Number of protein chains: 2
Amino acid sequence: MSHSPKRPLTLRDVSEACGVSEMTVSRVLRKRGDVSETTRSRVLAAAKELGYVPNQIAGSLASQRVNLVAVIIPSLSNMVFPEVLNGINSALENTPLQPVVGVTDYLPEKEERVLYEMLSWRPSGVIIAGLEHSDAARAMLQSAGIPVVEIMDVDGRPVDAMVGISHRRAGREMARAILKEGYEHIGFMGTKMPLDHRARKRFEGFTEGLAKAGIEIEDRAFYSGGSALAKGREMTQTMLERSPDLDFLYYSNDMIGAGGLLYLLDQGIDIPGQIGLAGFNGVELLQGLPRQLATMDACRVEIGAHAAQIILNATSDEPDPEIAQQVTLTPTISFGDTLQRYRKR
Amino acid sequence: MSHSPKRPLTLRDVSEACGVSEMTVSRVLRKRGDVSETTRSRVLAAAKELGYVPNQIAGSLASQRVNLVAVIIPSLSNMVFPEVLNGINSALENTPLQPVVGVTDYLPEKEERVLYEMLSWRPSGVIIAGLEHSDAARAMLQSAGIPVVEIMDVDGRPVDAMVGISHRRAGREMARAILKEGYEHIGFMGTKMPLDHRARKRFEGFTEGLAKAGIEIEDRAFYSGGSALAKGREMTQTMLERSPDLDFLYYSNDMIGAGGLLYLLDQGIDIPGQIGLAGFNGVELLQGLPRQLATMDACRVEIGAHAAQIILNATSDEPDPEIAQQVTLTPTISFGDTLQRYRKR
DNA sequence: CTGAAAGCGCTAACAT
DNA sequence: ATGTTAGCGCTTTCAG
C-alpha cells in the first residue's frame, strides 16, 4: 500500500548530485568510453547512492533505437513454446536485445492485436510463430521496416526470413518409417485445432506418405482440452475398441502418445509387436516412460536460437549478407522402443 | 531481406493525409469521446489506409503512463510458471495493462539485472515470484514508486503486497496426512536447488511436521538437471535399494513423483499398501497416469489472477482500499490412489 | 469540438 | 574529456 510517491529520479537529479552535466552522466551510464575515470566513478557513485534507474522510454525515443525483440507465439501451455523461448533467450543473453513475449492462443484476431501492440513499441525485430497470418498482420509485418523471422514451419512463403522444419515432410517421413517396418493398419490421433497449421501439415504429409504406398488411414480421432496424457489413454482405448485391427497408432504429439503407450502397457499389449506407436516433438518427458516412444524432434531450441541470430545480424551495424534468411532444420526421428517391429529388444 | 526502409509513420503523416490536426488525430486514436463522428471516421480511414501504428514510446513519455506490468519469474521450463502467467494474462485480458515477462533462472544476480531492465521501462506495477531478493533488488522495488506483488509464497515479509500459499504449511500438512495413514519410514526426494526457497520451505515444514510425531526422514536424495520423470525413476530405485524399509516416499514435485510411481508399478510393488507416494503441485499430467499420485495443488492460476487484480486495483483511478494486500491461498490435498493406505480401491 | 504551444527524459550532433 | 542545443513523437494544458 505504501509505494513511495516520490517522483522517479531523472538524469538531472544525478547530474546535480555529482556536479557533472547530464550529458556526461548519460555517457557514463551508457558505458561509453570517452569519459575520464575520475568523473566516471563520481557519477556511478551518485547514481548508485540515489538508486537511479535510467528511463528507457525517453532514451529510446531520443535515440530512435529500441532494444526489444517482439516474440509472438500461440501458447505457453504447450512446452514447445517455452523451449523456443529458451533458445531465443540464450542467444540474446549477452546482447543488448531483449525478448518480449506475446501470446495469441492460436487466434488470428488475437495475433493481429498482439502484433499491433508490440509494433507500437517499435521493437528492433519480430519473431513470430508460423507462416499463416491475416492479411492485416502480414501487412503490418511488411511495412514495419524491421527484420521479421517466421519460425517453426517452412512450408509456405515468409514475409522476410524463416527458420523451422517442414511439418509436411515430417509427416511423410514418419509414414515412410512406419510402412518400412511393415505396419499396414494405421490409426491417427490428434488435436482438434483447425488453426494449428503445423499439426495440420504434419497430418497432410502423413496421409500423403501413406497414399504413395496405396495405404489409407483406417481410423482417426481428434480431441480438445483436458490433460493430454489422459486424453491419449481414452482415445486409444476408444479407437482400439472401434478398430481392433489397427497395428499402428500415430499421435500428433508426444503427450497423447505417452497416454496411449501407458494404456496399452496396462492392457498387456505387445509393443511394438502387436501395435506400434509414434508421437511428435521429442519431449524430454518421454525419457522416463517405461518404454521410449518413437518420436521426431522438432528442433525447438535451435529454431529459437537461430531466429534470434538472424535478428541480431540484421540489427547489427554491419549485417553479414551471407547469413541465411531461410533455414530448414531437419528433425531427427528417434525409433525408441515402439516403432522397430522386427528388431525387438 | 527487404524490410521496407520507409521511416515509420507518425501522427503528422496521418494528420496531413486527412487534414485534421495532430491533436485531433491523437484524440481519435485514443478513443476519447470528444470528437465529432465526421472527423472521427475520416481520421480512422486515413490511419488504416496508411497502416499507421501509434508510437507508444513517445506516447508513454508524454503521458507519463506506461501500460506495462513487469512479471519476474525464475523459469519457463517448469510448467508452474507458465500457468501463473496464464492467470495473469487472463486477468489482464480486457484491461489496458500488458504483462512483460522476465526470467531469472533462480539466480539472485540475474533477478537484479532483470528487475533493473524492467524498471527502466517504468512499468505500472511489478509481479515477482518469491519473497527472497537481494538487498539491491528490494531497494529497487521499494523506491520504484509502483505497486509490487510478490507471489507464490507467503512465508516472509513482502515489500508491498503478496499472494501465495504457505509452503512451510504445505509441507507440514503433507507430513500430517502421511502419518495419519500410518506410514512411519519416510524418504524424501527433491531438487538440488538451494535457491528454490519454496521447495526448501516445503521440506522444512515437512520435517517439522514429522518431528512433532517424533519421526525423522530416513533417507533423502536430491537431483539436478535432466528429465524429471527419468530422475524420479532412477532416484527411487537407488533409494529403495539403499533403504528397503521405507514405506513412504515424498517427492518435492509431481514429475519426479510420477517417475517414481511408474518405476514402482513396473516393479510390481503394492501402492499404497507397501509403499505410499506423494508429490507436489497438482500438475495436469497426473490425470493420465495408471494411478493418481497424491499431491497438493499450488493454486498457480489463482495466484496469477489475484496478483494481477491487485495491480489493476492499485493503478486504477480510485483504488479500493479494502482490497486485500496479503492473500494466503489454501492448497487442497488430493489423496489420489497413492496415500490412503487403509482405504484401498 | 478543435487547435497551438510546451515539454515528457533522454541522446545525436555539434561545439569547446 | 565535457558541455550545449535541438529535437525524438506524442500528450497535456490551455485557448478558442
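The chains referred to below are lettered A, B, ... by the order of the sequence lines, with proteins before strands, and numbering in each begins at 1. Please read these numbers as outputs of a predicted model, since none were measured by experiment.
A 4.0 Å heavy-atom criterion places the boundary nucleotides of DNA chain C facing chain B at C/dC1 to C/dG9, written 5' to 3'.
Using modelled atom types, one finds no donor on one side chain facing an acceptor on the other under 3.5 Å when comparing B/R42 with B/T38. Counting only N and O atoms by type, the side chains of B/S77 and A/N86 include a donor and acceptor under 3.5 Å apart. Side-chain atoms of A/E150 and A/H133 form a donor-acceptor pair, as typed in the model, at a separation below 3.5 Å. Looking at A/S134 and A/R138, their side chains never bring a donor and an acceptor atom within 3.5 Å of each other. Donor-acceptor pairing under 3.5 Å is recorded for the side chains of A/Q56 and B/S120.
The distance between atom CD1 of B/I57 and atom C1' of D/dC8, rounded to the nearest whole Å, is 10 Å. Remark: P of D/dA1 and CZ of A/R42 are 16 Å apart, rounded to the nearest angstrom. One atom, NZ of B/K31, and another, P of D/dT11, lie 13 Å apart when rounded to the nearest Å.
Heavy-atom distances under 4.0 Å link DNA chain D to no residue of residues 113-123 of chain A.
Both A/R12 and B/G33 lie near DNA chain C, and the one whose nearest nucleotide falls closer to the 5' end is B/G33. Between B/S36 and A/A58, the one whose closest nucleotide on DNA chain C sits nearer the 5' end is B/S36.
Using a 4.0 Å cut-off, some side-chain N or O of B/Y52 falls inside it from OP1 or OP2 of D/dC10. A/T24 has no side-chain polar atom (N or O) that falls below the 4.0 Å cut-off from OP1 or OP2 of D/dT2. Of the side-chain N and O atoms in A/Q64, one or more sit less than 4.0 angstrom from OP1 or OP2 of D/dG9.
By the 4.5 Å heavy-atom criterion applied to side chains, B/V149 and B/V163 are counted as neighbours. Residues B/S15 and B/V20 have side chains not in contact (no heavy-atom distance under 4.5 Å, counting atoms from C-beta outward).
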Between A/K110 and B/E93, does a salt bridge (Lys or Arg N to Asp or Glu O under 4.0 Å) hold up when you go through it step by step? CA-CA 11 Å; A/K110 194 157 180 203; B/E93 188 87 15; 3.2 Å; yes
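The shortest non-hydrogen separation linking A/I73 to A/F81 is CD1-CB, 3.8 Å. When all heavy atoms of B/I146 and B/D160 are compared, the pair lying nearest together is O-OD2, 4.2 Å.
Taken to the nearest 0.5 Å, the SG atom of B/C18 stands 11.0 Å off from the CG atom of B/D13.
Across all strands shown, B/D34 has heavy atoms under 4.0 Å from base atoms, whether or not it also approaches the sugar-phosphate. As judged by a 4.0 angstrom heavy-atom cut-off over every strand, B/S60 is placed among residues making no nucleic acid contact.
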Interface polar pairs with nucleotides 12-16 of chain D, N/O, under 3.5 angstrom:
unit_1, atom_1, unit_2, atom_2, d
D/dT12, OP1, B/R65, NH2, 2.6
D/dT12, OP2, B/R30, NH1, 3.1

